[in-house]
Amino acid sequence: MGNKPSSSKSSAQKQSKQNIQSQNQGGQQSQQSNKQQLTPQLHLKLTQQIPVSQNSQNINEEAAQQLEEEIAEQQIIEQTQNEHIDIDAKVGETIERIHINMIARQDVVTISQFPQILPVVLQVQAIKSQQKHAKANIDLICVVDVSGSMEGQKINLVKDSLRYIQKILSPNDRISLVTFGTYSAINLPWTRNKPENKQKIKDAIVGMKIRDSTNIAEGVKQGLRMIKQRKYKNPVTCMFVLTDGQDDNKGADDRCQQAINEYQIQDTFVINSFGYGQDHDAKVMNNISNLKGGTFTFIDNINKASEHFILAMSGMLSVLAKNVKFIIEENPKYPIKKLYGDDFLWKKIQESKYQMNLNYLLEGENKEFALEIEIPSSNKINSQNEKVLRTHLIGEFIELKTNFTKQQELNIQFSQQDIPYVPKEIVEVNYLRAKAGNIIGIAKELAKTKKYDQAQQSLNKMIDEIEQSHFIASKALEVVITDLNQIKEICKPQLFEQKGEALMLNKQKNHIQRQQSLNNSMEWNSDQEEQLDNLKKGNLQLSICDMDDDYQNGAQLDSPIQQFRQNSFNSDISN
C-alpha cells in the first residue's frame, strides 16, 4: 500500500519525462528547419551547445540589435556662419597634404658588369592641417578574455584601461563590449559615449565577470557579427581583442579567417590584438591582427596596459581617410627582389603589382616601407634614365566623402663613370630598420627549433652592421639596437619559451610595418602625444566620484591603480 503512491508518482514522472523528450525532439526539429533564420550565437544557445549566460548583464544578439543606438550625423567641415566652402578646392588642398616619396639610396647608379641591389624607401605622409576640422566618429568594439586566468590584477587593469578609453572617446563615438570564456557574450550593445550613457557603459565595463576557460575564436566571431549586423555605422571601425591565454582548440586564427570569409563584411575596419604575459599564444594573436592589417601588441608588463591601449586608441582619433590601399608596380627590367614584410604586409595582385591594405590613413603620421630593386648588368641597360617603380595611393576622405588617388614614379639615372656614394639618412635608417625586423623574424624561427646560437649570431651580425652606419646616433637606430640586444638576451633556453616569440613578433612588426610602440615616441602623431601626456600628468585619472561609483557597482578593486585611488579617497576622508 505504501509503495503505490510512489509507483504512481514514478509512472507520472516517467510519462512527463517522455512528453518533455517528445516536445524537445519536436522543438529541435523545428529549430533545425529554421536553422538558417537564427543567428549563430542564438542557434547555439537554443540547441544548448553552450550555456545560457549566467550574468544578468549579458544580452543576446537579437536584443543587442534592438538596443543599438543610432549614430550622430558626421560633421563635414567646421566653418564660420555664412561662409561658403568650395568642396572641390577643399579636396584639392587635402590631397596636397598627402605625400608619397620614393627615395633610392642613389639617384645616379654606376652601372656594372654584374647585377646590383638598390635599396629604396617608400614614404607615405599625411601632413596635419593647420585648420580645425571635424574628427571622424568611431565605432569601437572591445573583445575581452574573462577566463579564469584573467582573475585579479589583469581583469581589473583591463577595466581601468577601458574606462580611460571611455574618457578619450567623444560623445559621438560608439562603444560595444563582448566578453569570452568558453563561450562569448555581449555585455554592451553599440552605445554612444554621450553623458547620459556614462553610467550604462561604466556598469558594463566594471560588471565583467570571470568565468570558465578560453575560446578566442568565439569572442572574435561574436565581435565580427556585431560589426556585420550593425543597423548604423560610424565612418571608423576598430576591434580590440585582449587575452592572456591560449585557445582551448587549435587553429583559432584559422577559424577567425573563416568567419571573415563567411560574413563578407564590406566595411573598412581593423583588428588590434593585445597579448598579456607569458601564457598567451602570440602567433595566433599576431595572425588575427594580420587578418585586417591591424597591430599586435605584447604586453609583458601588465601595469603598462593602459598606455598600450591609449596609444592604439589615440591613433584612431586622427583618421583622415579610409579604405586606403598602397599599390606598387615594378618595371620588369628592374624587378623587386625583396619586399620587407611580404609575408604579412604585401600581397601580389598581378604579375608586377603588389598591394598593401593600410585601411586607415592617419593625419600627422609618417610611414616608411623598404624594398630592394635589382639593377641588371650594364649590357642590359639601354638608357641613361629609367622609370623603375610606380606607386598609387587610393582611398576615401572621410570628412569630405570623396575618393582620391595619388601617384608617384621613381626614376634612376645610370652612368658609366664612378659616382661617389653619398648616404641619405632617411634611406639608410629605414632600410636598416627593415633589415633588422627581417632578422628578428629569422632569429625567431631559429630559436623555435632551439638553434639559439645561430639566432644570436644573426642578431649580432645585424647589430654590427647598424653600428657601422653613418647615422648610428639617430634615435630610430638607437631604438633598433636596444630591441636587438633585448631579443638577443631572450634567445636562450627557457627564456625564449616564456616570452621570446611574443616579444619578437611585436618588435618585428614595429620595425617592418612601422607599428607604433611606447619606446619610440618619434613615431607618434599629435593625438597620441596629447593623450599619453594626459595620462602621464594624471589628466585621464578616474575621478573620486567615478571610483566611488565603482565600489557601489560591486567592482573588484585590487589593481594598483584602484588601490591608489582608494587610499587617496580614504586619506581625504580622514583629513
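Keep in mind that what you see is a predicted model, and the values were worked out from it rather than measured.
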Can you confirm whether [X] sits close enough to [Y] that some side-chain heavy atom of one is under 4.5 Å from a side-chain heavy atom of the other?
X	Y	value
Q516	T295	no
L432	M462	yes
K509	S289	yes
H511	I439	no
I271	V241	yes
C256	L291	yes
L169	M313	yes

Would you call the rings of [X] and [Y] parallel, tilted or perpendicular, taking 30° and 60° as the class edges?
X	Y	value
F274	F240	perpendicular
W346	F369	perpendicular
Y276	F309	perpendicular

Is the count of non-hydrogen atoms from other residues, nucleotides or ligands lying under 6.0 Å from [X] atom [atom1] greater than 12?
X	atom1	answer
K228	NZ	yes
K475	NZ	no
H99	NE2	yes
K451	NZ	no
Q494	CD	no

Strictly below 4.0 Å, N to O, side chains only: are R105 and E372 in salt-bridge contact?
no
With a 4.0 Å cut-off, would you call E374 and K337 a salt bridge?
yes
[atom1]-[atom2] distance between [X] and [Y], expressed to the nearest 0.5 angstrom:
X	Y	atom1	atom2	value
F269	I227	CZ	CD1	5.0 Å
S458	K488	OG	NZ	11.0 Å
K435	I466	NZ	CD1	9.0 Å
L505	Q515	CG	CD	10.5 Å
S517	E523	OG	CD	6.5 Å
N101	T391	CG	OG1	9.5 Å

Taking every non-hydrogen atom, the tightest pair across [X] and [Y]:
X	Y	value
A473	E478	O-OE2, 3.3 Å
L162	C142	CD2-SG, 3.7 Å
V220	M239	O-CE, 4.0 Å
L389	E330	CD1-CA, 4.0 Å
A136	D173	O-OD1, 4.2 Å
M316	V319	O-CG2, 3.5 Å

Residues [X] and [Y]: side-chain donor-acceptor under 3.5 angstrom:
X	Y	answer
S469	E428	yes
Q257	N261	yes
D267	T237	no

What do the steps show when you test T214 against Q246 for side chain to side chain contact (heavy atoms under 4.5 Å, CB included), and what is the final call?
CA-CA 7 Å; T214 308; Q246 303 192 25; over 6 Å; no
Quick one: which of I328, L371, N430, I103 gives a side-chain contact (heavy atoms from CB on, under 4.5 Å) with V120?
L371
side-chain contact (heavy atoms from CB on, under 4.5 Å) partner of K154, chosen from I299, D244, T243, D145
D244
Test salt bridge (charged side-chain N to carboxylate O under 4.0 Å, His left out) on K135 and D527 and set out the steps.
CA-CA 11 Å; K135 178 188 76 67; D527 283 306; over 6 Å; no
Considering residues at least two apart in sequence or located in another chain, which fulfil the side chain to side chain donor-acceptor pair (under 3.5 Å) criterion with K325?
N323
Determine, stepwise, if the pair E529 / K128 fulfils salt bridge (charged side-chain N to carboxylate O under 4.0 Å, His left out).
CA-CA 14 Å; E529 290 175 353; K128 186 174 178 62; over 6 Å; no
Assess the residue pair S213 and T182 against the criterion (side-chain hydrogen bond (donor to acceptor under 3.5 Å, both in side chains)); give the C-alpha distance rounded to whole Å, side-chain angles, the decisive distance to 0.1 Å, and a yes or no.
CA-CA 5 Å; S213 63; T182 303; 3.1 Å; yes
Test salt bridge (charged side-chain N to carboxylate O under 4.0 Å, His left out) applied to E368 and R433, step by step:
CA-CA 10 Å; E368 290 87 16; R433 284 192 67 185; 5.6 Å; no
Do K499's NZ or CZ and the ring of F298 fall within the cation-pi criteria of under 6.0 Å and 45°?
no
Should the pair R211 and Y183 be classed as cation-pi, given the thresholds of under 6.0 Å to the six-membered ring centre and 45° from the axis?
yes
What residues, two or more places apart in sequence or in another chain, satisfy side-chain contact (heavy atoms from CB on, under 4.5 Å) together with N287?
D253, K283, N290
